[in-house]
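Everything below concerns the one structure shown next.
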Amino acid sequence: MSEVANTSDNTASRSTSVVVVVQPSDVSIGKQFIGQLIRDLKIGFRSRGDFINPLLFYALAVMLFPFGLGTDATILKNIAPGVMWVLALLSVLMSLDTLFQRDYMEGTLEQQVLHGAPLSTLVLAKVLAHWITTALPLVLVSPVLAVMLYLPGHAIPVLVLSLLLGTPVLSLLGSIGAALTVSVRGGGLLLALLVLPLYIPVLIFGASATAAAANLDGPGYAGQLLWLSVFMVLSITLAPFAGAAALRISLEQ
Amino acid sequence: MLFENLSLEIRSGDAVELSGPNGSGKTTLLRCLAGLSPDYKGDIQIGDFIYLGHSSGLSGLLSVRENQRWYASLSGKMVSEEDLDDALSRVGLAGYQGIACAQLSAGEKRRVILSRLLYSNAALWLLDEPLTALDKEGVALVHDLIASHCKSQGAALYATHQSLALDAAQALDLGEYGAISKTERPYSHIANPEHNEFPVDV
């Protein structure tokens, strides 16, 4: 039977805080990951605005450059790697608001924090779904947009590869900032301030790999791509843990 | 500070009805127990539980069934479609599987959430205002769910303003544990409770 009673002072003097959560042993991390991934992919594709806005912003912003700078092929060709990469970075940054926001408003984030015995697994699944619905479309349209900026044909595969390696890093690093600012009203600017400094190395290596590929006489681009791969491996293994910790902090307020 | 010297032990078969005036800390106590709020002093020992809070916890863009499947996957367990169907018909929503949750009424949403209790297999139910938005039949349903859960060696701690009048329920009135009366309580202290004690054994 239960006891509901005022305890005497000897129990009140204890000050340690222990939460013992006994998890059942038949829990499968794979099932948690797949279940979360499928759910977030469905939500991502169904909320059309979240899915189309970054893509539209990317395409429109790239198209503005020939209007502003004129159609001189040498100018456009020289700025193309930097423009493509900066705009991809800004599109990813713009889309980060939606990563946890909807779940936070609907109260589903709370349930994920409660149940996600490894919350980092769920964060990784969420970021992967978010990357597939927002960043992957950018990578896929980038060859077409690159042609509009006169980027040489032989540099386009390198641009796509560098974006494929770099945008997951942007999404993963951004997820830490998004998790920290999810409970902040209008935290978009704060998110940008937190995350942009971390994006700089990715931008430098990504744009420089593409520029090196466009310029056949200069040094090669393999080194930059290898660095991007290093960033990707590091962020896949470390960012979900930071994101999970940040989510817990945000929800505890 | 919201409350102090609070000791609570819930064993299997127990139902504890948490009451108290607005702001007496019912939600805070449940959130502390669920591990959603670290702002307390004391010991908490808790086993496998399910926590249903104020917010709906349903994705409006997903159907009832998709929400159920996702919730089942959260705990990493395999739940068959039949079990999900059974849970839905038990809460009076048979045939609602394909309907998007954004189209449901508040009471229907609440029922979808209650269906989680039936397929989660958690021993302890932590329910925060489970009767919100429910009609008379819904209130009776919650009463029956808790009664049968406790009969089958489960346990429940639920906060409510409207007593469920369960035969076996114990009452815990948080109003009695408040150290400072509500009018005197400085608001800066709400987020900083000290010396809260509520060991819970399951």
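Naming: A, B, ... by sequence-line order, numbering from 1 per chain. Computation of the quantities below employed the complete heavy-atom set of this structure, encompassing side-chain atoms and omitting hydrogens, waters and symmetry-equivalent molecules. These figures come from a predicted structure and were not determined experimentally.
Looking only at atom types and distance, the side chain of Arg90(B) has no donor-acceptor partner in the side chain of Ser115(B) under 3.5 Å away. For the residue pair Ser162(A) / Trp85(A), a side-chain donor-acceptor distance below 3.5 Å is found, with atom types taken as modelled.
At a 4.5 Å heavy-atom cutoff, the contact between Ser63(B) and chain A is made by backbone atoms alone. With a 4.5 angstrom heavy-atom cutoff, Leu36(B) touches chain A via backbone and side-chain atoms both.
The candidate with the highest count of non-hydrogen atom pairs below 4.5 Å against chain A, out of Ser37(B), Ser55(B), Gly57(B), is Gly57(B). The most heavy-atom pairs under 4.5 Å with chain B, out of Arg39(A), Glu252(A), Gln36(A), come from Arg39(A). Contact tally against chain A (heavy-atom pairs below 4.5 Å) for Gly60(B), Ala72(B), Ser59(B), Gly13(B): the top residue is Ser59(B). Interface summary for chain B: among Leu251(A), Ile43(A), Ile38(A), the most heavy-atom pairs under 4.5 angstrom belong to Ile43(A).
For the pair Phe33(A) and Leu128(A), the minimum side-chain heavy-atom distance is below 4.5 Å. Leu157(B) has its side chain out of reach of Leu127(B): every pair of non-hydrogen atoms, C-beta onward, lies at least 4.5 Å apart.
By the 30° and 60° cut-offs, the orientation of the rings of Trp125(B) relative to His149(B) is parallel.
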